[in-house]
Amino acid sequence: MTRTGPIADPARLLPAGGAPAELAAHRARHGAVPRIRDARELVALVEAAGLRGRGGSGFPTARKLAAVAAGGRRPIVVVNACESEPASRKDAVLLRHAPHLVLDGALVAARALRARTVVICLHRGDPVAAHLNAALSQRRGDGVDWQLAEVPRRYVASEASALARFLTDGEARPTARPPRPEQRGVRGRPTLIDNAETLAQLALAVRYGPEWYRSVGTRTDPGTALVTVSGCVARPGVYEIELGAPLATAIGAAGGPTVPVGATLVGGYGGTWVRDPGLPLSHDPAGREGSTIGAGALIAVPATACGLVETARVLVFLAAESAGQCGPCTFGLPAIADDVARLAAGRADDALAGRLTRRLGQVTGRGACAHPTGAVRLARSMLRVFADDVRAHHRGHPCPPQPPVLPIPAPTMLERAWR
Amino acid sequence: MALNDRVPPNPARPDRPRKARVPTGPALRVDPIGCQAHGLCAELLPGHVTLDEWGYPILPTGPVPPELLAAARAAVRACPTLALRIASE
Ligand SMILES: Cc1cc2nc3c(=O)[nH]c(=O)nc-3n(C[C@H](O)[C@H](O)[C@H](O)COP(=O)(O)O)c2cc1C
Ligand code: SF4
Ligand code: SF4
């Protein structure tokens, strides 16, 4: 393959010299949108590239494309740019600096699938909407109907089935599966819902070819990924890393730790606590906690902070963010959050440990969406990674109060409604 | 688990093409949104279906044992919210 691309530089989406935000500069760098004959050709290319979803699950994008193409009716393409993870900024940064790369990816998918409509979903009031509207105004000749949808600012409102439902009847809460959005999504049509970064990666994979795409990353998870590094690092922000790179590389890209790190929360609020700086970051589970990069949010927490207190704060948030539809999530998450908060405060009763373990087992996997499963993952990894602290708290020795580290959206930032 | 979820795959059950689970057969599934914790299913299938502390049914992941199939079908019919079904693997 003789095509040129930024091969030497692992940063592909956000190259060092700056990504071209204007359409003319974007075209000068990447050329015209590649012509793909049909869904089969696209599926084959994306499969050869080995692209996996960057919205968190790492699901093989080709398989989702194929499922949508098999649907019979004319599909709809949805760009998930809500980025509800409180510690994630990568989609916002990507849309600000390289909006046309995301739009190219969505367009390639829409054309191959014969979709006429592409809906870009953002949180309501997101300032990125203005940038996106400016970018879209330059793309009237694309031959698709570009639409922007503003979604309630709730953690689970950007879960795929919730988006499909929101775009159908205005209620941004998940639906039971089956059917999946790929089969029956927006207004009953087969719906491709992909994360904004996934589509930007798809645009590059199609433009420069699978071989180029695979030239960085791992065999089972090729390419690069955006990570949002925050917490006790010198330069918090969004960085692009090679998939499979160790956690230390991402922390290092952000200028390294400013104080000794106790543990890093990897993958967002449904993720895992990690102490090993050598943990390889990819969508394949690694390390003792089976950690994955998830949506790329990495928060380094100082050794002086209490991992139990931090986890409890997040669990209270996640419990409040339940869509209140499924019993184990509606009742189980507040119960788990309460147990962990008691433990964190050094007020554990004798029955707490057994009760919490039982509840974690009874809640995971029992929601219509993965929200409760994520909360359980976080709580379980806390119990193992901070096992010494858990024992001390159990004996009634909580940590001295410390300033909070993990960001929790203020209640005023969230909406109570789901419409 | 869901095709699309942000939660990383469980290492014990990686998100890869699964090997045929042994044994296979029709299994009970509950729609967690539809279920209103009426608990009839647990009453009709004691031992097979248990309830969590909030009254919601915990279903075994494996197939319904053949001797319980009739009771399982009765539970499906009895569920007041039509949340219960039998899915063939
Ligand atoms: C509670 C919850 C919240 C989610 N929020 C987002 C989000 O804000 N952005 C996103 O891209 N995916 C989010 N997802 C994942 C989506 O369900 C879906 O998997 C993703 O948009 C698919 O894109 P991908 O295949 O490109 O990763 C969320 C999932 C869950 C369970
Ligand atoms: S699992 Fe929780 S967040 Fe997901 S649909 Fe059910 S109640 Fe809503
Ligand atoms: S009978 Fe139906 S509503 Fe009642 S607990 Fe069982 S599944 Fe839920």
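Order of the sequence lines fixes the chain letters, A, B, ..., with proteins taken first and strands second; residue numbering starts at 1 for each chain.
- Here A:Gly332 is the residue among A:Gly268, A:Gly332, A:Gly53 with the most heavy-atom pairs under 4.5 Å with chain B.
- Contacts of B:Gln36 with chain A are absent, with no heavy-atom separation under 4.5 Å from either backbone or side chain.
- The pair A:Glu182-A:Arg180 does not count as a salt bridge, with every side-chain nitrogen at least 4.0 angstrom from each carboxylate oxygen.
- Note: A:Gly327 leads A:Ala286, A:Gly327, A:Ala176 in heavy-atom pairs under 4.5 Å with chain B.
- Here the side chains of A:Val274 and A:Glu289 are not in contact, with every heavy-atom distance at 4.5 Å or above.
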(request) Evaluate the side chain to side chain donor-acceptor pair (under 3.5 Å) criterion for residues A:Thr272 and A:Ser381: first the C-alpha distance (whole Å), next the side-chain angles of each, then the deciding distance (0.1 Å), finally the verdict. (result) CA-CA 6 Å; A:Thr272 50; A:Ser381 92; 5.3 Å; no
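- Using a 4.5 Å cut-off between heavy atoms, A:Thr364 does not touch chain B at all.
- Taking B:Ala37, B:Gly34, B:Pro32 one by one and counting their heavy-atom pairs under 4.5 Å with chain A, the maximum is reached by B:Pro32.
- Between A:Arg52 and A:Asp284, at least one side-chain N (NZ, or NE/NH1/NH2) sits under 4.0 Å from a carboxylate O, which counts as a salt bridge.
- Separation of atoms CZ (A:Arg355) and OG1 (A:Thr357) is listed at 10.5 Å; rounding is to 0.5 Å.
- Proximity to chain B (any heavy atom under 4.5 Å) is shown, for A:Arg173, by neither the backbone nor the side chain.
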